[in-house]
Amino acid sequence: EAEPWLFADVAQKQSGKTATQIGSSVTDLINTSVEYGRMGYSLAESQQLGITTTKFANTGNFSSVSDASDALISIIRGFDGLDVGDADKVSDKLTAVANAYAVTASDIAEGLQKSASALNLSGVNVDQATAMITAIAEVTRDAGAAGNAIKTLSMRVRGAKTELEDAGESTDGMAES
């Protein structure tokens with residue numbers, strides 16, 4: 001039976017190799033993976049999320065790997081139908097949109113963090129939300145404010161639907177609350 005320290009040594013060497021391949025520090029990669037483990041993700045999920053997050057931090061113009069981690073988790077947990085297996089897809093989509101428009105992936109992520117749960121309740125998916133945030137942030141240069149504005153509008157639309165239903169008016173085609 002192998003000693004536990006031997007497994008830790010192998011894991012550290014593997015992390016070092018992976019960090020070099022993705023242009024990150026071993027410390028960032030390990031710390032991010034450990035943080036995901038603390039959130040309840042399995043070892044395999046934590047390692048994959050650590051790699052995805054570290055790459056996303058590098059390509060998305062985040063100030064830290066921790067900020068990229070917060071963004072990915074908020075987005076994944078904020079929209080129905082997304083799970084940890086979608087982290088790569090989400091980071092790739094945000095990076096692709098950022099490369100095509102005058103916003104950064106971290107800007108889009110900031111707007112999504114502020115609006116994800118409210119938009120999800122309105123039936124908006126992550127792609128639609130990304131488009132809304134991008135369109136506003138490209139003009140205003142303030143993705144956080146765009147996220148807050150969309151969240152507020154979404155909440156008001158859902159509130160208006162309830163009031164219309166209470167008044168006996170038709171609400172066909174309105175967002176579900």
Side-chain angles (χ1 to χ4, degrees), residues 11 14-15 17-138 143-144 146-151 153-155 158 175-177:
Q14 181 60 42
S15 293
K17 185 188 241 182
T18 302
T20 300
Q21 290 171 344
I22 63 174
S24 177
S25 73
V26 176
T27 303
D28 279 346
L29 183 59
I30 290 174
N31 286 345
T32 302
S33 297
V34 167
E35 192 60 38
Y36 284 117
R38 286 185 186 134
M39 288 184 221
Y41 293 106
S42 71
L43 178 61
E45 290 171 332
S46 296
Q47 289 173 329
Q48 185 56 47
L49 283 166
I51 292 168
T52 299
T53 300
T54 305
K55 289 193 296 189
F56 189 43
N58 291 341
T59 61
N61 199 35
F62 287 89
S63 57
S64 70
V65 176
S66 178
D67 289 346
S69 174
D70 291 345
L72 274 177
I73 291 301
S74 292
I75 294 166
I76 289 168
R77 289 186 174 171
F79 288 98
D80 288 340
L82 295 180
D83 61 28
V84 294
D86 296 312
D88 276 327
K89 292 178 200 167
V90 169
S91 66
D92 289 348
K93 283 179 189 180
L94 297 187
T95 301
V97 170
N99 288 336
Y101 296 95
V103 294
T104 65
S106 64
D107 290 339
I108 300 166
E110 179 186 1
L112 290 173
Q113 282 178 276
K114 294 181 183 237
S115 61
S117 60
L119 289 175
N120 183 61
L121 289 172
S122 296
V124 174
N125 67 37
V126 70
D127 294 333
Q128 295 164 328
T130 299
M132 287 187 254
I133 298 291
T134 301
I136 295 171
E138 192 174 34
N148 280 332
I150 291 171
K151 173 180 68 176
L153 288 169
S154 170
M155 292 167 61
R158 285 194 327 269
E176 296 295 319
S177 52

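Values reported hereafter were calculated over all heavy atoms of this structure, with side chains retained and with hydrogens, waters and symmetry mates removed. Because the structure is a prediction, the values reported are computed rather than measured.
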Measure the spacing between [atom1] of [X] and [atom2] of [Y] and express it to the nearest 0.5 Å.
X	Y	atom1	atom2	answer
Y36	T53	OH	OG1	2.5 Å
N148	E110	CG	CD	8.5 Å
S117	I75	OG	CD1	12.0 Å
I108	M132	CD1	CE	13.0 Å
I133	Q113	CD1	CD	10.5 Å
S33	L43	OG	CG	8.5 Å

Between [X] and [Y], which heavy-atom pair has the shortest distance, and what is it?
X	Y	answer
M39	S69	CE-OG, 4.3 Å
F79	L119	CE2-CB, 4.4 Å
S64	A57	O-CB, 4.1 Å
S63	D67	OG-OD2, 2.5 Å
A129	L112	CB-CD2, 3.5 Å
T104	G60	CB-O, 4.2 Å

Testing D92, T130, D127 for side-chain contact (heavy atoms from CB on, under 4.5 Å) with V97, which one passes?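 Looking at D92, T130, D127, the match for V97 under the side-chain contact (heavy atoms from CB on, under 4.5 Å) is T130.
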Given 3.5 Å as the limit, does a donor-acceptor pair link the side chain of [X] with the main chain of [Y], or not?
X	Y	result
N120	D80	yes
N58	K55	no
S106	N61	yes
T54	G50	yes
Q128	N125	yes
S46	G37	yes

Side chains of S154 and S122 only: does a donor on one sit below 3.5 Å from an acceptor on the other? yes
Any heavy-atom pair between the side chains of V126 and L82 that's under 4.5 Å? yes
V90 versus F56: any side-chain heavy-atom pair under 4.5 Å? no
State whether the number of non-hydrogen atoms from other residues, nucleotides or ligands found under 6.0 Å of Y41 atom OH is greater than 12. yes
Decide yes or no on side chain to side chain contact (heavy atoms under 4.5 Å, CB included) for D88 and Q48, but give the supporting numbers first. CA-CA 9 Å; D88 276 327; Q48 185 56 47; 3.6 Å; yes
